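Here is the structure we will look at, set down as structure tokens.
Per chain, numbering begins at 1; letters A, B, ... match sequence-line order. As the structure is a prediction and not an experimental result, all values here were calculated from the model.
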Amino acid sequence: MARETRRRIVMASLVLAAGALLFLPASVTGRVRVWVAPVFAPFQDLTEGWMLDLAQQIREPGRRGGPTVEEDMAALVARIEALQDALAQAGARQGEYERRLKDLSQIRQGLDGLPCRLIPARLIAPEVAGGRAGARLAEGTGSGVRKGSAVVARGIDRGAALGLERGDAILTAAGLVGIVDEVGPLTSTVRLITDPQTRLMAQVVMRRDGNWRAGPTGLANGTEDGTAVCLVGIPRTADVAVGDFIVTHPSPESSLPAYLIVGRIVRCERKPAAPFYDIQIEPRVALSEAFEVFVLAPAEPPKP
Amino acid sequence: MRWVVVAILAYVCIVIEQSLFRPGLLAIGIGGSSVRPDLLLVLGVFLALHLESYESFVVGWCFGLASDLVSVTGRLGVGAFLFCLVLYLIGFLRKGVFGARVLAQFLICFGAVFIVHWAWFLATAGLNAAPLRTWQVAEQAALDALYSAFLAPYLFWLFAMLRGPLRLPVGAPE
């Protein structure tokens, strides 16, 4: 009777022990298995070799043994070269990501907490005007295109699918590039700030005697030839000089956020009998070279 | 019964299972999974047909724990629980089983391996909150059981030759 009781106690203990083992953390279980693996599989390396030989025999029935040392070396060299190529690509990609991150941080800082989305985008070949780009245009002399004409509009590889809207600002870390003019499903057209049709409220910001201060406001629009921006409506009595900065100015008609850098004044003349300055601005962004840009879109994309 | 001999025999079974029944060697690849026999469980079934249910229970627990230790995934204790349960049942019912017949050995081993493997797969998936895929694991367990069952008569014959060193009780099925 006592023997039977002892047996029952042992069996119950074993069941409890199995149950307790179930609650061991996975890390402990894994460590235990690593410890005991060499004990239970002492010939694993040997049979692994057989396994590889067997696989080799299946692939190349007439051949004895594994690959030669030269073949191994050649395979290794090829693999090293492939890995080096992959590393170079990854390095280049990392550099691009770091640069874009820096640009994004700079733009975000300039926007001063404005709720918006910055969508990375790329300008694509000009389609509507130009002579600077190598792309073939759909327009010709019949539309007034002449040799040396400036590009005033560009395509962009983002569209309504990402929530772009007409009037969204296109910018880089250096400043404003243009405004979204037409939105397609996957691509859009950007009107550059040098386009004569572009109109935006702008403000002069100047540094006098070591102090920054805001100056008069006016209307910035592209010049007739599409190569620069002019600022009109600045009274001739205002304190404006070459080198002063031009930033966007908030207005009810424009969806552009305030204080985006537009450019710097390169010409500032007072013509006789004219009540306003004749001011020309050089955009801060080299528009002909701009490629990677950001779209400043509303914080929430519109629901379909 | 000599426990030391049983332990050595179990160790040999595990080593053979781990070394030879591997993908590319004696494991059979079917549908992307490798089918392997459970030599340890076959040994356990052989012993359970000769031992009392209590001894079968203890043997099952030890074999199950060893099986847990050599498996790659799953928690420790699942195999111990399942092995001891199945071997206890076989030990309990052994008097009604004609263990000397090849067909009986085939069927018992098939049933034991199928139940243990299927339950082990399901329990492991359940404990890890993974999808159960009941029929898929049933198929895998059935293939493992079939492989084990085909080998069972030969293994039983080999184990029967060691009845002397094992000191199995007299009167047990040959």
In this structure, are over 12 heavy atoms from other groups packed under 6.0 Å from R31(A) atom CZ? no
Check whether L85(B) gets within reach of chain A through its side chain, its backbone, both or neither, counting any heavy atom under 4.5 Å. neither
Between R33(A) (side chain only) and S71(B) (backbone N and O only), is there a donor and an acceptor less than 3.5 Å apart? yes
CA sep, side-chain torsions, deciding dist, call: Y54(B), V10(A), side chain to side chain contact (heavy atoms under 4.5 Å, CB included): CA-CA 9 Å; Y54(B) 163 74; V10(A) 170; 3.7 Å; yes
For Y154(B), look at atom OH and say whether over 12 heavy atoms of other residues, nucleotides or ligands are found less than 6.0 Å away. no
Flag if over 12 foreign heavy atoms under 6.0 Å of OH, Y259(A): no
Count the heavy atoms belonging to other residues, nucleotides or ligands that lie under 6.0 Å from CZ of F23(A), then report whether that count exceeds 12. no
Sort I16(B) into side chain, backbone, both or neither according to what part of it lies under 4.5 angstrom from a heavy atom of chain A. neither
Assess whether side chain to side chain contact (heavy atoms under 4.5 Å, CB included) is satisfied between L21(A) and D68(B), documenting all intermediate values. CA-CA 10 Å; L21(A) 286 171; D68(B) 280 335; over 6 Å; no
Which one, T29(A), V15(A), L14(A), V32(A), leads in non-hydrogen pairs under 4.5 Å with chain B? L14(A)
Can you tell me which portion of V39(A) sits under 4.5 Å from chain B's heavy atoms? Options are side chain, backbone, both or neither. both
Heavy-atom distances under 4.5 Å only: say whether F81(B) touches chain A with side chain, backbone, both or neither. both
Largest heavy-atom contact set with chain A, pairs under 4.5 Å, which of V58(B), L69(B), L65(B), V78(B): L69(B)
Determine whether V70(B) and V36(A) make a side-chain contact, defined as any pair of heavy atoms from C-beta on separated by less than 4.5 Å. no
